[in-house]
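Take a look at the structure set out below.
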Amino acid sequence: MNTTQSTQVTQPIQRCNDFVIKFANVNGSGSASANELFARAIMRMGVPVAPRNIFPSNIQGMPTWYEMRVSAAGWLGRRGGCDLMVAMNPQTWDRDIAEIEPGGYLVYDSTKDLPKSRFREDITVLGIPLTEICNREYSDPRQRQLFKNIMYVGALTALLDMELDSVVKLIADQYRGKDKLIDANVNAIKLGYDYAKTHLSCPLGLRVERADGVGDMIFVNGNDACGLGAVFGGATVAGWYPITPSTSVIEAFANYCRKYRTDPDNGMARYAVVQAEDELASIGMVIGAAWNGARAFTATSGPGISLMQEFFGLAYFAEVPVVIFNVQRGGPSTGMPTRTQQSDLIACAYASHGDTKHVLLFPEDPYECFTLGAQAFDLADRLQTPVFVLLDLDIGMNDRLCKPFDWDDQRRYDRGKVMTAEQLEAGKNFGRYLDVDGDGIPWRTIPGTHPTKGAFFSRGTTRNAYAKYSEVGTDYVYNMERLRRKLETAKKLVPAPILQRASQPSRFGAIYYGSTGPAMAEAFALLEAQGIHVDTLRVRGFPFADEVIDFINARDAVFVVEQNESGQLRMLLINEGEVDPKRLIRVLHYDGTPITARFISGRITDALAAHKVTPLPIRKQVAS
């Protein structure tokens, strides 16, 4: 029950500050708090950590996993594989054991003996009788369950040679002012720590050593960052309907508004957060508020995007500036509500019937969720159109290290072409849908700007440049061509793509976006180490800037890396850039878990081999 088992031929993994640990738990068992405590403890030692919670859509009883990447090099994507498994769920035992890397480690509750056949011979097995200890120490059933999780954190602290004092201090900070909770949790930590020190070989080949890799980075999730970005972006109205995984965007916005948008003199709220009866009603509220001059937004996920389609068409055609945060999940239909995907690109890019095209922003991490979230409101006003911020569950609901948010206090909101009462009174020519500047963007007025002049009503029907109802074909063609010019203007306003060149000139490239970024960064390094040189381009906005199509045209082949089954970014590149489909090679990951560096590098390597093409490194010139 309490011995270390190892009949390995494979040598145990030996690594410091560079490994993957995974916790296999049961949902509702209280493990999430313990696992996050462990992640934060490693960060307190100055070592970057990237945790991901993979959880079911039910409340209790189903399997859940918490995967943690520990990386002194600062890799924040999933690597692939697992070096140390904490297996606490009998339901998933075989699957969890199979995932451990050869030479890896297994920690499990050894209260109940298991036959040797349930283990692997190429891993080190570390049994800790957690249930037995908890039954001895605690009488309350709930305490037995909760403190079992804290105990394995204590055991891991010893096994990985971590600083016990740092973990104890973290608990004291976390439960400041609640002395009973501090004492109880510290006691459980020490029970696990002392058991491991007494009965197991400490430390393992995996170790955590104090470093200085975290610096001033912050630990935050993308949904909270979007909520704060909306506040800094000037939003005052949110209309919404709850849906996983986007709900916490609105909750964060409301919390920040209570702090920053409440009148200090009279306590009045200078914002409105309205929960509608459904998604369709919520986007209708947002469009109404935006038409009336407020900066307004909603947050939703795929099923909500499907329901809102008709109103997206209205906002596009009436040219009302609204922002939509879409935290993508697995679809179609209900799909996988608590799994991540990048599967709504097409649904958002061409949302609604007829000839529509929308502005999309693709944040990579919480920092960009904040910055692009704020920028979305300027773009919506400038372009007088819906703007979609497409993140996903991986960014939205998982805390991640990123650089601190920054904001220029001198920055002023870009409200775009808004005509003033003075301009209207002076008799300036005003046509609500008249293109006077050649950029496709007309001038607008805010209702109430002038008592008799300006636009007071909007409609989704066809009209002429002066907003008068018209079914004349030339009026319709004028309007559609102007909208097309406006989207051409948008190409120059959306965030520019980010290019990373290989260490040697290459005929091959890779395009990616959003949450694929962290894994792509490590995959790039893995490929370079194999002598495979691939330039990469991270797309951050749609319509695509000219540089995106130029990047493709300058290379023999380009890998399009994305997290959906149909290759939606590839479709957009072919449709919008008129690119030869044969030059765009799919790299698709869509099982609902975040993409890994090993998956990307493996698929690119295999594809190059299958196509019998190998990047040719340029030999260094030797001076004669």
Exercise for the section: Could you walk me through whether Arg329 and Asp344 pass the salt bridge (Lys or Arg N to Asp or Glu O under 4.0 Å) test, one step at a time? Expected result: CA-CA 9 Å; Arg329 70 190 211 186; Asp344 295 344; over 6 Å; no
Practice task
Could you go through the side chain to side chain contact (heavy atoms under 4.5 Å, CB included) check for Phe559 and Tyr512 one step at a time?
Solution key: CA-CA 8 Å; Phe559 299 95; Tyr512 64 99; over 6 Å; no
Problem - Short side-chain to backbone donor-acceptor contact, Thr157 and Met162, under 3.5 Å - result: no
Handout entry: Main-chain N/O of Ser503 paired with Glu528 side-chain donor or acceptor, under 3.5 Å
Key = yes
Fill in the blank from the handout: Output for pair (Ile54 CD1, Tyr66 OH), nearest 0.5 Å, gives 11.0 Å
Handout entry: NZ/NE/NH1/NH2 to OD/OE distance under 4.0 Å, Glu67 and Lys22
Key = yes
Exercise for the section: Please find out if less than 6.0 Å separates the ring center of Phe119 from that of Tyr108. Expected result: yes
Practice task
For side-chain hydrogen bond (donor to acceptor under 3.5 Å, both in side chains), just list the numbers for Thr131 and Asp109, CA-CA rounded to whole Å, side-chain angles, deciding distance to a tenth of an Å, and then say yes or no.
Solution key: CA-CA 7 Å; Thr131 300; Asp109 183 353; 2.4 Å; yes
Handout entry: Side chains of Trp65 and Asp96 in contact at under 4.5 Å (non-hydrogen atoms)
Key = yes
Handout entry: Minimum side-chain heavy-atom gap Asn89-Asn25 below 4.5 Å
Key = no
Handout entry: Asp216/Lys403 ion pair, N-O < 4.0 Å
Key = no
Handout entry: Among Glu562, Gln563, Arg538, the one residue meeting side-chain hydrogen bond (donor to acceptor under 3.5 Å, both in side chains) with Thr516
Key = Gln563
Exercise for the section: Report the residues that fulfil side-chain contact (heavy atoms from CB on, under 4.5 Å) with Arg598, sequence neighbours left out, ordered by chain and then residue number. Expected result: Arg79, Glu101, Thr596
Problem - Non-hydrogen atoms of Pro594 and Arg52 that approach each other most closely - result: CG-CD, 3.7 Å
Exercise for the section: Take the angle between the ring planes of Tyr138 and Phe147 and call it parallel below 30°, perpendicular above 60°, tilted in between. Expected result: parallel
Practice task
For the pair Arg144 and Asp140, find out whether any cationic side-chain nitrogen is under 4.0 Å from an anionic carboxylate oxygen.
Solution key: no
Problem - Side-chain donor or acceptor of Ser29 paired with backbone N/O of Val26 under 3.5 Å - result: yes
Handout entry: Separation between CG of Asn185 and NZ of Lys180, rounded to the nearest 0.5 Å
Key = 14.0 Å
Problem - Glu36 with Arg40: basic N within carboxylate O range, under 4.0 Å - result: yes
Handout entry: Donor-acceptor contact present, side-chain Tyr193 to main-chain Met151, <3.5 Å
Key = no
Practice task
Quick one: do Glu132 and Lys112 satisfy salt bridge (Lys or Arg N to Asp or Glu O under 4.0 Å)? Show the steps, please.
Solution key: CA-CA 9 Å; Glu132 178 184 304; Lys112 181 180 178 180; over 6 Å; no
Problem - Any Val86 side-chain heavy atom under 4.5 Å of Ile21 side chain - result: yes
Completion exercise
dist Leu206:CG -> Leu160:CG (nearest 0.5 Å) comes out at 6.5 Å
Practice task
Answer whether the closest heavy-atom distance between the side chains of Asp535 and Phe551 falls below 4.5 Å.
Solution key: yes
Handout entry: Heavy-atom side-chain contact between Phe370 and Cys226 under 4.5 Å
Key = no
Exercise for the section: Would you check if the side chain of Ser333 reaches a backbone N or O of Gly335 as a donor-acceptor pair within less than 3.5 Å? Expected result: no
Handout entry: Geometric class of the Phe599/His589 ring pair [parallel <30°, tilted 30-60°, perpendicular >60°]
Key = perpendicular
Practice task
Inspect the contact between Asp394 and Arg339 and indicate whether a charged nitrogen and a carboxylate oxygen are less than 4.0 angstrom apart.
Solution key: no
Exercise for the section: Give a yes or no answer on whether the side chain of Asn221 reaches the backbone of Ala225 with a donor-acceptor pair at less than 3.5 Å. Expected result: no
Problem - Side-chain heavy atoms of Cys402 within contact of Glu368, under 4.5 Å - result: no
Handout entry: Donor-acceptor under 3.5 Å (Gln328 side chain, Ser343 main chain)
Key = yes
Exercise for the section: For the pair Asp18 and Arg69, find out whether any cationic side-chain nitrogen is under 4.0 Å from an anionic carboxylate oxygen. Expected result: yes
Practice task
Look up atom CG in Leu584 and atom CE in Met571, then write down how far apart they are to the nearest 0.5 Å.
Solution key: 12.0 Å
Practice task
Taking atom types as modelled, find out whether Asn35 and Tyr152 have a side-chain donor-acceptor pair closer than 3.5 angstrom.
Solution key: yes
Completion exercise
dist Leu572:CG -> Leu360:CG (nearest 0.5 Å) comes out at 7.5 Å
Problem - Backbone N/O of Ile243 and side chain of Ser246: donor-acceptor pair under 3.5 Å - result: yes
Problem - Salt bridge present between Arg176 and Asp173 (N-O < 4.0 angstrom) - result: yes
Practice task
Verify, without hydrogens or angle tests, whether Asn398 (side chain) and Asn53 (backbone) share a donor-acceptor contact under 3.5 angstrom.
Solution key: yes
Handout entry: Asn223 and Ser248: side chain donor to acceptor below 3.5 Å
Key = yes
Practice task
Answer yes or no: is there a side-chain heavy-atom contact under 4.5 Å between Leu204 and Leu84?
Solution key: yes
Handout entry: Verdict with supporting geometry, Thr340 and Ile595, side chain to side chain contact (heavy atoms under 4.5 Å, CB included)
Key = CA-CA 9 Å; Thr340 194; Ile595 196 167; over 6 Å; no
Problem - Arg501 atom CZ: more than 12 heavy-atom contacts under 6.0 Å - result: no
Practice task
Would you check if the side chain of Ser506 reaches a backbone N or O of His533 as a donor-acceptor pair within less than 3.5 Å?
Solution key: yes
Exercise for the section: Apply salt bridge (Lys or Arg N to Asp or Glu O under 4.0 Å) to Asp365 and Arg400, showing your working. Expected result: CA-CA 8 Å; Asp365 61 7; Arg400 188 176 300 178; over 6 Å; no
Completion exercise
Tightest non-hydrogen contact, residues Phe405 and Pro366, listed as CE2-O, 3.6 Å
Practice task
Begin from the C-alpha positions of Phe508 and Val558 and carry the test side chain to side chain contact (heavy atoms under 4.5 Å, CB included) through to its verdict.
Solution key: CA-CA 6 Å; Phe508 302 93; Val558 173; over 6 Å; no
Completion exercise
The reported gap from CD in Glu522 to OG in Ser71 (rounded to nearest 0.5 angstrom) is 6.5 Å
Practice task
Would you check if Leu106 and Leu126 make a side-chain contact, meaning some heavy-atom pair closer than 4.5 Å?
Solution key: no
Problem - Pair Asp392-Ser515, side-chain donor/acceptor within less than 3.5 Å - result: yes
